[in-house]
Every structure is written in structure tokens, then in C-alpha cells.
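To start, I am sharing the structure in question, which I have written as C-alpha cells.
Quick note: numbers below take in every heavy atom, side chains included, and nothing from hydrogens, waters or symmetry partners.
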There are 2 protein chains.
Amino acid sequence: MSADLKTIGEAADVTGVTEDTLRFYEKIGVLLEVERNESGHRRYSDRALAWIALVVRLRSTGMTLESIQAYAELARRGSETIPQRREILIEHRDQIAAEARRLSEIVALIDRKVAGYDEILRSGIIPQVSPCEVAPPA
Amino acid sequence: MSADLKTIGEAADVTGVTEDTLRFYEKIGVLLEVERNESGHRRYSDRALAWIALVVRLRSTGMTLESIQAYAELARRGSETIPQRREILIEHRDQIAAEARRLSEIVALIDRKVAGYDEILRSGIIPQVSPCEVAPPA
DNA sequence: CTACGACATGGAGTGAACTCGAAGTCAAGC
DNA sequence: GCTTGACTTCGAGTTCACTCCATGTCGTAG
């Protein structure tokens, strides 16, 4: 919608990252299409902001800045790298999905441990070995 | 079952963390019941190993060593701290569950972006703005 | 003209969680 | 007796991802 370019302050506001982080991200090459005005100040297009939003999301799933940088590098090379980018995304998606499942398993494990505490609290008996201290193998 | 005490090397093998990390964990107080033999070498009981396994799992869900240390401190104080420990676990479980849900949402987001790439690949048309670059609000 | 606020740069500092290296001890094998 | 390997301690070093700071420029308001 809005075609106007945003300052770094505005960009920080809308993306939720600090100005320092935006400069840092740009320096290490994870950002795209950040331009400058006549006095050298950064100007962020909607596309630049959308990219930052993607970066923030990928970071929040544990993707390293190094991997994001590689992805950004492909994006800079143009549309002929779309197949590679697609692959990177799919691989990362699979990793996140696996991580989500792993977390859910640990939720179940913790529930079992809490149940062990509940049992102690209910019966007043402390077992020899704390219940469910260990998880099922891996 | 086995009541024998394990060396740090064996403990590292069965828990999957390095000897250095075991010593580091002990130093900062996240471990319980690590004893020493006559020559000062660490000996890990099954309970100690079970505790390490729990620590590893909590760490792998992003719980900080500081929080784990606090939890271990409570465990050292004995069974009267079971209610507090139970609370800590429940709170952390809720955080993990929320994180699992968040990751699943991002999986869906990435799927939409991949679908955007698929569309480009299929049609050969590159849209003005890359599809699904931005996620739905938070 | 001066002050101010928002920006710029470069480089140093931070915190978390390890990870490594140096130097020493100890028991077992040759 | 000497070597080897597994351990010990202590402190320093590493990595990642920021985060902060000093200093400087620029455009507008008073």
C-alpha cells in the first residue's frame, strides 16, 4: 500500500528490532534493498521491511544469521536462485516442524514429572528415585 | 538397575555431553549428587545421571542454566521444596507448549512462502512483491 | 548562530554457554 | 622406574547475536 520509504527509526518501530540491529543486519548482509537518501540516511521500502519481517521470523525459529545471509545472497542473485531458496526454506521448515514435535514430547515428559510430584504431595511418600527424572530414550 | 558409579568419561558417553560441560555444570551448581572417589575423581550415581538427563532436556528446551540452577538449589534443599519445583516445571512446560505452537504457525507461514515460489516456478511470472514475504501480524 | 534530534560510522563491550589449554596427580602396565 | 591415559584444577578463549559508545554530520526550529 504505502509506497513511501521509512527511516531507520520507523523501520525499527514497525519491525520490532532496534536501530542498532538493523544496521548490524545490513552490515553482515542479511538485508535487501535498503537504500540511502541524499544525506546518506537509510530508507526502507515496503519490500525491505517485508524482508526484515521474514528475517525476524526465521531468526525466531533458530535459523542462524549465517544461514539467513546465505539465503539473502541467493535472493540478491535474482530469480534464477528460486529453486535453491525454495529448498532452503523447505529444509528449515522440516527442522522447525521436527523441533515443534520434540518440544511437544518434552511437554509430555514434564507432565509426567509433575504427576510424580503430585503423587508425592498426595501420598506424602518420597520414592527412592525421583519419578520420571529420566526421559524415554532420546 | 546398575548401582555402580560411573566415571566422568562414562557419564559423558551416556548423557551425550562433554566432560568439560559436566565439570562446568557442576561448578555452576546445576548438578546433584556427584561424588568423588579416594583420588578425587568424580563418580556419578544413577541418580546423578538421571538428573543430568533432565538438565539436558530442560536446556534443550531453552531453559537457562540460571533457572536450572535455581531448580537444582530447591532440589538440594529437600522435599519441602516440591511445591515450588512443581510450579517451576509447570510454568516452563507452558512456555514450551506455547513455543511449539508458535513454531507450528511459522511452519504454516513458510509453507505459504514455498507455495509462492512454486507458483513462480509454475507460471514463470515474478510478482511485484515477493509472495508471503511478511507473516500475518505477530 | 546555536541547539537539537535523528541519523551516520567504527570499534569495543556484553552475556550465555560452553570449550580449550596448561600444568599437575594417580593407578596400571611394561 | 617410566610411560600412558584418565582424570584433576584454574583461568583464558570462543562463538553467537547483539548492544553500546564516541564522535561526527545534517536539517530544521528558535
Side-chain angles (χ1 to χ4, degrees), chain A residues 4-31 33-45 48-49 51-73 92 95-96 99, chain B residues 4-31 33-45 48-49 51-73 92 95-96 99:
Chain A
D4 54 8
L5 303 175
K6 294 211 165 44
T7 67
I8 193 168
E10 293 163 340
D13 279 351
V14 305
T15 60
V17 304
T18 67
E19 298 183 14
D20 272 327
T21 299
L22 287 176
R23 294 192 195 98
F24 168 66
Y25 278 2
E26 187 180 340
K27 184 164 61 176
I28 64 171
V30 306
L31 298 193
E33 306 189 21
V34 180
E35 283 147 64
R36 302 295 179 110
N37 73 358
E38 323 74 49
S39 27
H41 290 197
R42 290 170 179 81
R43 287 298 118 106
Y44 296 82
S45 67
L49 293 173
W51 180 267
I52 292 166
L54 177 64
V55 168
V56 167
R57 264 150 216 290
L58 292 177
R59 272 294 301 130
S60 80
T61 60
M63 187 181 254
T64 63
L65 288 174
E66 190 179 0
S67 298
I68 297 173
Q69 194 280 327
Y71 182 70
E73 190 54 46
H92 186 60
Q95 280 172 25
I96 302 171
E99 177 66 5
Chain B
D4 53 9
L5 302 174
K6 294 212 165 45
T7 66
I8 194 169
E10 292 163 341
D13 280 351
V14 304
T15 60
V17 304
T18 67
E19 299 183 14
D20 272 329
T21 299
L22 287 176
R23 293 192 194 98
F24 168 66
Y25 278 3
E26 187 179 338
K27 182 165 63 176
I28 64 173
V30 306
L31 298 193
E33 307 189 19
V34 180
E35 283 147 65
R36 302 296 178 112
N37 71 0
E38 323 75 46
S39 26
H41 289 197
R42 291 171 177 80
R43 287 298 117 106
Y44 297 82
S45 67
L49 293 172
W51 180 267
I52 293 166
L54 177 65
V55 167
V56 167
R57 262 150 219 290
L58 292 176
R59 271 295 301 129
S60 80
T61 61
M63 187 181 255
T64 63
L65 288 175
E66 190 179 0
S67 300
I68 297 173
Q69 194 280 327
Y71 182 69
E73 191 54 46
H92 186 59
Q95 280 173 24
I96 302 171
E99 178 66 5

Query raised in the report: Which of these nucleotides, C/dA16, D/dC18, D/dC20, is closest to any side-chain atom of B/E66?
Result: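 Taking heavy atoms from C-beta onward, the closest nucleotide is C/dA16.
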**Report entry** Nucleotide of D/dG11, C/dC18, D/dA17 approaching B/L65 most closely (side-chain heavy atoms)
**Finding:**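 Nearest listed nucleotide: C/dC18.
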Requested in this report: Calculate the interatomic distance between A/F24 atom CZ and C/dA8 atom C1'; express it in whole Å.
Outcome: 18 Å
Query raised in the report: Within this structure, what is the CD1-to-C1' distance between A/I28 and D/dC16, rounded to whole angstrom?
Result: 10 Å
Report task. Kindly say if B/Y25 contacts the phosphate of C/dA17, meaning a side-chain N or O under 4.0 Å from OP1 or OP2. Result ->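 For B/Y25, the contact criterion (side-chain N or O under 4.0 Å from OP1 or OP2 of C/dA17) is not met.
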Query raised in the report: Can you give one letter per nucleotide of nucleotides 4-9 of chain D, going 5' to 3': B for a protein heavy atom under 4.0 Å from the base, S for sugar-phosphate only, - for none?
Result: ---SBB
Query raised in the report: Under 4.0 Å between a side-chain N or O of A/R59 and OP1 or OP2 of D/dC16?
Result: no
Query raised in the report: Going by atom types alone, do B/D20 and B/T18 pair a side-chain donor with an acceptor below 3.5 Å?
Result: no
Requested in this report: Sequence neighbours left out, what passes salt bridge (charged side-chain N to carboxylate O under 4.0 Å, His left out) with A/E66? Give chain and number order.
Outcome: none
Report summary line: Between A/T7 and the options A/H41, A/R43, A/E19, the side chain to side chain contact (heavy atoms under 4.5 Å, CB included) test singles out A/R43
Query raised in the report: Does the separation of the ring centres of A/W51 and A/Y44 fall below 6.0 angstrom?
Result: no
Query raised in the report: Mapping B/K27 and A/T21 to their closest nucleotides on DNA chain D, which lands nearer the 5' end?
Result: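 That would be B/K27.
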Query - Separation of atom CG in A/D20 from atom C1' in C/dA6, rounded to whole Å - result: 13 Å
Query raised in the report: Between the two ends of the helix from C/dC1-D/dG30 to C/dC30-D/dG1, what is the bend in degrees, rounded to 10 degrees, where each end axis spans five pairs?
Result: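 Rounded to the nearest 10 degrees, the bend comes out at 30°.
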